[in-house]
Amino acid sequence: MYWICFGDSARGLLRQAQHDIAPGMTDDHILALLDNYSEGDITDVTNRAARKAILTPWHGDPEPDGSWMDELVERHYETLARLDEVDEAVIWYSKGNALEQCGMRYVVSRLYEKHIPVWAVEVNTMPADEIRRINDQTRRESNAGAVGVITDSRALNFLLRFAPQALLQRYAARVERRLQKERMTDGIAYFSAVGEVAPNLMPYFYQHRRQLTETEQGQLLSGWKRLQEENAPLRAMVDGRVQSVPADFYDEAILSGITEAEMPAAHAVGRAMGELDMKTGNRVGDMFIFARIRALAQAGKIQIVHDAPTYRDMTIRKIRS
């Protein structure tokens, strides 16, 4: 039995959840594909040159460590090779996430001819009452060890290093409750990616897994081949389906977050990511949006006031039409 997911966040959460769901399974049977098949050339996803810009979108950023990126690339292609070992697969994916939907189609295309059992765990919605029940049960049963907390604030991270464990545990629980509340609509929590789900909630989705029929696997294989033949610059969720779309598909949402007054490009990137996630369900990477900001500048729709290698140091403004 192998679990297959998409991204390091999903793999980290599944490693925690695995001890409750499948304690006899070893960590090395959790395979995480790290490439994003919703972007770029997918005619041959084993072609490293064709996939480099998508797999390591930070390669032009002077801050990331080059050896770290090399290690990520090697891990990804090792995982691709290990798909040949799979004798039974459980694929974890989110219903409304183009990256995970494309990844699932690729994995099924690799496994189809082997006629092995393939199970699907679809992360989508969860009733708020069920979340509260599971969280209450987790608190009653928990004998938690040391807890570490990392935030987006370097100053806060420094202070938290010296906080007692009891305070860290309360802080972590409060943050998790806030994040879960933000996903709630009319008593239902919506998850846009496997990596968003708390480890203690993973068994709920696993219990609702289902085995894909041979017909369903064949349809997913056909869908992947269609996407390969179209080989559009992007693939996105449109009306609940994975569709090939043009490179400028997200430009309107990106422009809506840019003002005519000079502003940091980082704000525009963050606004676009939130807008697309909340309104369309599409998860779009920061570096892709940064590339589209440059394309919009070349098209004369925005002005780069202060250019920089990264969006953290760039400032932009919208050009009045």
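- Considering only residues two or more places apart in sequence or on other chains, Asp87 meets the side chain to side chain contact (heavy atoms under 4.5 Å, CB included) condition with Tyr2.
- Every residue two or more places apart in sequence or in another chain was checked for a side-chain hydrogen bond (donor to acceptor under 3.5 Å, both in side chains) with Gln16, and none qualifies.
- Within the structure, every pair that satisfies the salt bridge (Lys or Arg N to Asp or Glu O under 4.0 Å) test and touches residues 228-245, not counting sequence neighbours, is listed here: Arg226-Glu230.
- For Pro117, the side chain to side chain contact (heavy atoms under 4.5 Å, CB included) criterion is met by Glu88, Trp119, Gln211, not counting sequence neighbours.
- For Glu122, there are no salt bridge (charged side-chain N to carboxylate O under 4.0 Å, His left out) partners, not counting sequence neighbours.
- Remark: side-chain polar atoms of Thr79 are not paired, donor with acceptor, to backbone N or O of Leu31 under 3.5 angstrom.
- In the hydrophobic clustering, where aliphatic and aromatic side chains (Ile, Leu, Val, Met, Phe, Trp, Tyr) are joined below 4.5 Å either directly or transitively, Leu221 groups with Tyr112.
- Applying the side chain to side chain contact (heavy atoms under 4.5 Å, CB included) test to Arg48 and every residue at least two apart in sequence or in another chain returns Val73, Glu74, Tyr77.
- When the side-chain hydrogen bond (donor to acceptor under 3.5 Å, both in side chains) test is applied to Arg105, the partners found at least two apart in sequence or on another chain are Gln101.
- Applying the side-chain hydrogen bond (donor to acceptor under 3.5 Å, both in side chains) criterion to Glu260, with sequence neighbours excluded, gives Arg320.
- Taking the charged nitrogens against the carboxylate oxygens, Lys114 and Asp84 have no contact shorter than 4.0 Å, which rules out a salt bridge.
- Counting only distance, with no hydrogens or angles, the side chain of His208 and the backbone of Tyr204 share a donor-acceptor pair below 3.5 Å.
- For the salt bridge (Lys or Arg N to Asp or Glu O under 4.0 Å) condition, the pairs that include at least one residue of residues 31-44, sequence neighbours left out, are Asp35-Arg51.
- In the hydrophobic clustering (ILVMFWY side chains linked at under 4.5 Å, chained through shared members), Ile54 stands by itself.
- Take Arg11 and apply the side chain to side chain contact (heavy atoms under 4.5 Å, CB included) test, not counting sequence neighbours, and it matches Cys5, Asp8, Arg15, Ile30, Ala32, Arg75.
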